[in-house]
Amino acid sequence: MPRYNVKETEAKWQKQWDAQKCFEVEHDPSRPKYYVLEMFPYPSGRIHMGHVRNYTLGDLVARFRRAQGFNVLHPMGWDAFGLPAENAAKENKVHPAEWTRANIASMRTQLKSMGLSYDWRREIATCEPDYYRHEQKMFLDFLKADLVYRKESWVNWDPVEHTVLANEQVIDGKGWRSGADVEKRKLAQWFLKITAYADDLLSALDGLDRWPERVRIMQHNWIGRSEGAHIAFQIAGRDAPLDVYTTRPDTIFGASFMAIAANHPLAADLAQDNPALQDFITQCNRMGTSEAAIETAEKLGFATGLHCVHPTIEGETLPIYVANFVLMDYGTGAIFGCPAHDQRDLDFARKYDLPVRPVVCPDGTDPATFSIENDAYVGPGRIVNSGFLNGLEVDAAKSQIIAHFEERGMGKRQVNFRLRDWGVSRQRYWGCPIPIIHCDACGAVPVPEDQLPMTLPEDVDIDVAGNPLDLHPTWKHVACPSCGEQAVRETDTFDTFFESSWYFARFCSPASNIAFDKDAADYWLPVDQYIGGIEHAVLHLLYSRFFTRAMKECGYLSLDEPFAGLQTQGMICHETYKNQDGKWMFPTDVVRAEDGALTDANGNAVKRGRSEKMSKSKRNVVDPEEIIGNYGADTARLFMLSDSPPDRDLDWTDSGIDGAWRYVNRLWRLVDEPSLPLAATGDPRPTDIANSTANVERLVHKTIQAVTNDLERFHFNKAVARIRELSNALEGLSKNDSGAPWVMRFGVETISILIGPMMPHLAEEMWHSLGHETLVAETAWPVADTSMLNDETVTIGVQINGKLRGTIDIAKDTDQDAVKEAALSLENVQSFIGDKEVRKVIVVPNRIVNVVI
RNA sequence: GCGGGUGUGGCGGAAUUGGUAGACGCGCGGGAUUCAAAAUCCCGUUUCCUCGGAAGUGUCGGUUCGAGUCCGACCACCCGUACCA
């Protein structure tokens, strides 16, 4: 048998699509549009299986929607700025620009081998001035629109490398390369006012009905709107009050201490003449800036010796601590601690032996005996031990106490957000330069727009301690655009989330000499289907939503939400292997004996570990290039779509890819060596079709219906199963049955089109082999004949007390009494009933009968 | 720590959203074909069992005629946690 020749076939059809410009798309207001976008990759150099999955999913949607008649925009580009290029530069002495461009070239070749239906004319790379010049302009527009400001903020500082470290470069409080203790430092940085849109970003989540619920919940919680009170506590012996934000003002009578962040101004003030406190602050500052590190660290406090006057209990005072778990970024950086009703406060109180006084008593519990041991009580209840608040429910007490403070000028009702403004300054080389010039006389002056783009200098020394732009001998020295005196450029670059916050709009008119043409954006946006990893659930997606609003504010476009539909994908996992020395091994270095035992090349035993996310560090990776080289793109694509639903993790297995490969060949044989001669192209449907063959014909229609449904709902694994069922049935057709040659052709042609979005090369090859001169890529999606979808009979389960005891085959929509009678007359049912009384019979039409005895 | 998610045969998963648990595939077992192998095809495959049944969807409990699906508690793993992208 001539095996399906993957290499030749796939190359042939890729050339055909190219030659016929199948996927080049134009702005055409007369046609309905559909914008499919996959999260663009960071050009690390080689595609990995995660990319293969992501782009297979996107390509399926793009080809499916195109077949349905949409004008489909499906572009690809490169998220090309970022830290890995600088790391590579340090390790391999290669310039980030050169490294990045070479990576893009090789990854483009790899992507093209997958047969993806991109309009490659629209490719963009964010590291090119042609792209980033527009975000420099945008930044200046945002500045004019009062959406940008500068303030001091904390960074991780490596005292040995003299650089700012990313959170992932801080390991257990130490620099990943230097191993030195990390310090927190304060730097002046640029911020975008995302909080100005906090309410809108929150309420608009309700309208994103084609987003996964969990992503909306995560964003909801991230924005974290809370209603509470701002309270000014008087500090004994000081004039300036201590401002506190709390969501639980109702627990004020239970307060037993105050705590402020280590970088609170009051802490810094007190530390000036208190070396022990200074030591404590230094110790807190070694923790790095990540929330996870701060929150999981042991709760520590330092008593300042100062006290606040309790605002509602005459004569009582509250000791002020500096505490490592209080975040300066949230609220006012100071809290009052009520140990009975907050777990962290309770842990802290136990550690420092502070009073724990319950003030909320759960309903049904006696306040006299209610006490707190190891768990704080955070539920509802009535207020106790709280003077004039006693007896109130929690919510009523909140209102009452806030009114109390407002009357006395001690506090007020306040809405607070967890969301913080977006710091966009990065002290790095490989990013978009921030178009600002700092002048001693004029302050921060925007680079005049006619001087954009402000390009990155390429003649830098990457391998230095510090920021290469800052250390460049000439680049930063310029005349102030305002007064002409000597000034310096901003040497920070943008956070790389900046580029990915608007690239979807650039794709609409990628060659435009402005950021994007408004007409094109109005036509193509929003993205109808966005596809990418769940890890971007909050940051990238929230920044993009904010950016779209900011761009609208500045007149760039006219919509709020960039992504109408969102699909998240799970990760690719693979077994892990360790050799005798406990080192991770590549799957390709593991030798499998016939009995399944694993060894290395020298015959030493290899330990098999559980399946984990593919990662370079654990070496459990499979190279897509090798897979595509051996099996072809269609097989790889089929594997990505079979079995696991898109949003779940997918286990890579050798047997799985073999199974996909076998099915590709099996489909090919369906046309290459069919089990019976096919009817001629265009033959009319014969009037005489044997019963079993007619069932298969109905199955073709059912499959069209089901697959269409499944593809629309992202149930790609089910769609594959449906197609397999159909091909199984076609293989079972008997050549002796009347109508079989016609049904066979109908079925195989249908399959060719249905697999078009999944295995596009094979689809074309089958279609061509069936005698068609056209391309599947240009063929309309089939529509099922609805009169062929229903069977006349149904099989109904018969239960006794909820347990299945038999089934009945009966005409669809049979009268309930007849169904009941048929069920009760089953022999097995009768024997179970015996002489017991039938108390009730529940009949669910066309589904089930349950006899209760 | 906090926020979000996932958990069904040996394995990946399906189950019309409260109605016959295990579609489809992988693996495995048996058979056919072959000098032999590969490939291919056919049959079987949740577990236990006294062959009549019994148990079974991470664990424990609840609601219901009926629970993988709903409710409560717990366990394990994964994602995010604002400078990885």
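Lettering of chains follows the sequences in order, A, B, ..., and the numbering in each one begins at 1. Note that the structure is a prediction, hence the values are computed from the model and not measured.
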Could you give the distance separating [M] and [N] at their [atom1] atoms, to the nearest angstrom?
N	M	atom1	value
B:rC24	B:rC70	P	26 Å
B:rG61	B:rC75	C1'	15 Å
B:rC51	B:rA55	C1'	16 Å
B:rA21	B:rC2	P	40 Å
B:rG27	B:rG9	C1'	12 Å
B:rA32	B:rA37	C1'	16 Å

Any base atoms under 4.0 Å from [X], or only sugar-phosphate, or nothing? Heavy atoms, all strands.
X	value
A:Asn728	sugar-phosphate
A:Gln169	nothing
A:Leu419	base
A:Ser425	base
A:Pro41	nothing

Handout entry: 5'-most by nearest nucleotide on RNA chain B - A:Asp651 or A:Ala721
Key =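 Going by which nucleotide is closer to the 5' end, it is A:Asp651.
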Practice task
Would you classify B:rG7 as syn or anti? Syn applies when the glycosidic angle is within 90° of 0.
Solution key: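 Anti, which is what one calls it when the glycosidic angle falls more than 90° from 0.
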Handout entry: For B:rU17, glycosidic torsion class - syn if within 90° of 0, otherwise anti
Key =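 Nucleotide B:rU17 adopts syn.
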Practice task
Any salt bridge (charged side-chain N to carboxylate O under 4.0 Å, His left out) involving residues 291-300 of chain A? Give me the pairs, sequence neighbours left out, ordered by first then second residue.
Solution key: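 Of all non-adjacent pairs touching residues 291-300 of chain A, those that pass salt bridge (charged side-chain N to carboxylate O under 4.0 Å, His left out) are A:Glu291-A:Arg418, A:Glu295-A:Arg344, A:Glu298-A:Lys351.
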In terms of side-chain heavy atoms of [X], which of [options] is nearest?
X	options	result
A:Lys718	B:rC79, B:rA14, B:rU20	B:rA14
A:Arg669	B:rU40, B:rC83, B:rC24	B:rU40
A:Asn221	B:rG12, B:rG3, B:rC78	B:rG3

Taking 4.0 Å as the cut-off, does a side-chain nitrogen or oxygen of [X] come that near to OP1 or OP2 on [N]?
X	N	value
A:Arg713	B:rU17	no
A:Arg662	B:rG27	yes
A:Asn717	B:rC24	no

Practice task
Go ahead and name the base partner of B:rG19; Watson-Crick or wobble counts if both distances stay under 3.5 Å, otherwise write none.
Solution key: B:rC65
Handout entry: Integer-rounded Å distance: B:rA85 P and A:Trp78 CH2
Key =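 Going from A:Trp78 (CH2) to B:rA85 (P), I get 17 Å.
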Handout entry: Near-ring test A:Phe639/A:Tyr631, centroid separation under 6.0 angstrom
Key =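 Judged by ring-centre distance (under 6.0 Å), A:Tyr631 and A:Phe639 do not meet the cut-off.
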Problem - A:Arg610 with A:Glu575: basic N within carboxylate O range, under 4.0 Å - result: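 No salt bridge links A:Arg610 with A:Glu575.
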